Amino acid sequence: DAGVIQSPRHEVTEMGQEVTLRCKPISGHNSLFWYRQTMMRGLELLIYFNNNVPIDDSGMPEDRFSAKMPNASFSTLKIQPSEPRDSAVYFCASSTRRSGANVLTFGAGSRLTVL
Amino acid sequence: AQKITQTQPGMFVQEKEAVTLDCTYDTSDPSYGLFWYKQPSSGEMIFLIYQGSYDQQNATEGRYSLNFQKARKSANLVISASQLGDSAMYFCAMRELISSGSARQLTFGSGTQLTVLP
């Protein structure tokens, strides 16, 4: 089991550039989540998918952010255009039922720095 | 209002001692789940333990146990026999039905930074 795989691990870009973060969930997990972690705001849920369908995107900050899940094994989070305040660690997580609960397994995160 | 409150930004414990990390929550949903995650300095989020709102017994996983007091809406994490490798940020989280009732989402507290002293 390779776990949740995120890429890139680190991204440094300039303001105004497009950023695409990628995630491969654990095979067989039918829910996928994108979280953002900052010192000021902690861990925030941006969007999540059930069976590739976006269920709740109320956490997406603004129209510059978009997420897709074209199939069960791949999701992207795109920021266009990026701004310095988007600098954060972006986590992808997928879930399965374990110990009677839907436990989220997180990827290692993508650290984004927007200059 | 905060759904998950962790009042201890930082905690210190001596190696081999036990430590309790506090977590209180707020929900009107009768069905919910409580989780603890560990985030070491390397940044990954590691699942530790889960407690369901209807579970009769407190959850335990090795050196981790959850002191669940439903009436007080608290779900404190107890780590016994602390090890140096336990030094990390610890997050309490809750999963409840969202208002539409269609699904559940996980809400995190602000975290407690635990430092284990040799």
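Naming convention: chains lettered A, B, ... in sequence-line order (proteins, then strands); numbering from 1 in each chain. These numbers come from a predicted model, not from an experiment.
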Are Phe108(B) and Leu45(A) close enough, and set up right, to give a side-chain contact (heavy atoms from CB on, under 4.5 Å), and what steps lead you there? CA-CA 9 Å; Phe108(B) 285 84; Leu45(A) 177 67; over 6 Å; no

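Within 6.0 Å of CZ in Arg64(A) there are more than 12 heavy atoms belonging to other residues, nucleotides or ligands. More than 12 heavy atoms of other shown residues, nucleotides or ligands fall within 6.0 angstrom of atom CD in Gln14(B). Surrounding NZ of Lys68(A) are at most 12 heavy atoms belonging to other residues, nucleotides or ligands under 6.0 Å away. Heavy-atom contacts from other residues, nucleotides or ligands closer than 6.0 Å to CD of Glu62(A) number more than 12. Summarising the local packing, CG of Asp63(A) is surrounded by 12 or fewer heavy atoms from other residues, nucleotides or ligands at distances under 6.0 Å.
Ring-centre distance between Phe47(B) and Phe106(A): not below the 6.0 Å cut-off.
Heavy atoms of Glu44(A) lying under 4.5 Å from chain B are absent altogether.
Atoms OG and CZ, from Ser110(B) and Arg41(A) in turn, are 13.5 Å apart once rounded to the nearest 0.5 Å. Note that the CE atom of Met89(B) and the CD atom of Gln37(A) stand 7.5 Å from one another [nearest 0.5 Å]. Atom CD of Gln39(B) and atom CG of Leu43(A) lie 6.5 Å apart (nearest 0.5 Å).
Hydrophobic clustering places Tyr48(A) together with Val103(A) (ILVMFWY residues linked when any side-chain heavy atoms are closer than 4.5 Å, directly or through intermediates).
Proximity of a side-chain donor or acceptor of Tyr37(B) to a complementary backbone N or O of Leu104(A) within less than 3.5 Å is detected.
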